[in-house]
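Order of the sequence lines fixes the chain letters, A, B, ..., with proteins taken first and strands second; residue numbering starts at 1 for each chain.
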Protein chains: 2
Amino acid sequence: MDDFTRKMAQAFDAAPIGMAVSHHRVLDMCNTSFAEMLGYDRANLLGQSFRILYPSHAEFDRVRDIGLKAMEENGSYSDERMMRRKDGVPVWCRFRARTLTPDDPLAHLIMSFAPIRDQLDGAQLTKREREVLSGLSRGLTSKEIGRELGLSPRTIEDVRARLLRKFEVKNTSELLSRMSYARPTN
Amino acid sequence: MDDFTRKMAQAFDAAPIGMAVSHHRVLDMCNTSFAEMLGYDRANLLGQSFRILYPSHAEFDRVRDIGLKAMEENGSYSDERMMRRKDGVPVWCRFRARTLTPDDPLAHLIMSFAPIRDQLDGAQLTKREREVLSGLSRGLTSKEIGRELGLSPRTIEDVRARLLRKFEVKNTSELLSRMSYARPTN
DNA sequence: TGGTTATACGGTATTGATACCGTATACGAT
DNA sequence: ATCGTATACGGTATCAATACCGTATAACCA
């Protein structure tokens, strides 16, 4: 076995960020960080469906199509999403993916997962708030998010208002720049 | 060569995030994302000192000691730092490191680098665009940004429209979620 | 058991964002 | 010299966002 390959494999395994490889949403390989982040032993995780790593079947279905178009075009995609630890505790992650099969993006995916620290200590987001936030980060309007979730646009506006209050921000733009990491630009 | 190792090596190389391995600040291995992020061919990068990847010798010296203590204690460290692309353009990164040699952290380091600005590097933004983006991330309206910069609100709207076109996003919320990367734990 | 919060929805009023139309100057590249 | 882009500004039209008013149910907690 050549040294090059061995070095890369070791770097993958010891990487300071969670990484995983999937084929059609089944985990084919992951590193130690990934398994630790989700509270599993790697041996118990390999070969499993990603379903068990999401909070619900609905969430699992929801995230499937998100980013498919971006991956068909650019080969890569990133967003923020909620994962589910083995003990049930949700983990909010910066998710990045690159596909090796652009024609069928999910066929061979390489992913990285970086846990996001919540802005408010202890103030975790509700399921609805995360769903709405997901739509907002994709640039959807309240009307569009309502359609996606089967709710009235008015309800989405309520959730938005609650998010703005919780994070003490003036509008959605400031909210999204706080949810991710925004530096001053000068 | 076993399949396990081969899979991990491939995942390392095709990872959607820049990764590198160093021995005493000399690059021993990196993946495609890392080389691309910094504008090099991997072949020209391996074996080089990290010095060439920082904006100045002073910065190279400064970052050496940062995080040494954290790595001796936890084995890992992360911050945001400026890297220097081959063409001289600075790139802001979320930097993460794990050492495999806690007694002498720099002896064997595994690192990941995520550009804080994703789709487009910050250098491609004009001064005006950065000024306006700064206001937007603080939740200011076009009118308020105009006051701050001594410009007409209409001009701010022009800059916003240009930003939306450049990044191919639907609105300011999506823009800000693309411009910034997640704030990680630690 | 009452208080708080999340959820869900309706109306209305105001402000903001975005997309067009237009003009004009400046600057760098081909 | 002309093309493209950034800058800067004006008007108008339309849709979205936000802030209020209200009601109602369900969950949880002290």
(message) Testing A/Leu151, A/Leu163, A/Leu133 one by one against A/Arg128 for a side chain to side chain contact (heavy atoms under 4.5 Å, CB included), which residue passes?
(response) A/Leu151
(message) Checking side-chain hydrogen bond (donor to acceptor under 3.5 Å, both in side chains) between A/Arg42 and each of A/Asp13, A/Asn31, A/Thr32, which is the one that passes?
(response) A/Asp13
(request) Please state how far atom NZ in A/Lys170 lies from atom C1' in C/dA17, giving the value in whole angstrom units. (result) 17 Å
(request) Using side chain to side chain contact (heavy atoms under 4.5 Å, CB included) as the criterion, point out the one residue from B/Arg98, B/Arg94, B/Arg96 that pairs with A/Ile17. (result) B/Arg96
(request) Step by step, work out the side-chain hydrogen bond (donor to acceptor under 3.5 Å, both in side chains) result for B/Ser49 and B/Arg25. (result) CA-CA 6 Å; B/Ser49 164; B/Arg25 317 195 82 193; over 6 Å; no
(message) Does C/dT18 have OP1 or OP2 under 4.0 Å away from a side-chain N or O of B/Thr172?
(response) yes
(request) Rounded off to whole Å, could you give me the CD-to-C1' distance for the A/Glu174 and D/dA17 pair? (result) 15 Å
(request) Whole angstrom is fine here: how far is it from CZ in A/Arg165 over to C1' in C/dT5? (result) 10 Å
(message) Go nucleotide by nucleotide along DNA chain D from the 5' end; which of A/Asn171 and B/Arg128 gets its closest nucleotide reached first?
(response) B/Arg128
(message) Would you say the rings of A/Phe113 and A/Phe34 are close, in the sense that their centroids are separated by under 6.0 Å?
(response) yes
(message) Quick one about B/Thr155 and B/Asp158 (side-chain donor to acceptor, distance below 3.5 Å, no hydrogens or angles considered), yes or no?
(response) no
(message) Short of 4.0 Å, heavy atom to strand atom, which residues of residues 141-161 of chain A count as contacting DNA chain C?
(response) A/Leu151, A/Ser152, A/Arg154, A/Thr155, A/Asp158
(request) To the nearest Å, give me how far apart NZ (B/Lys127) and P (D/dA6) are. (result) 16 Å
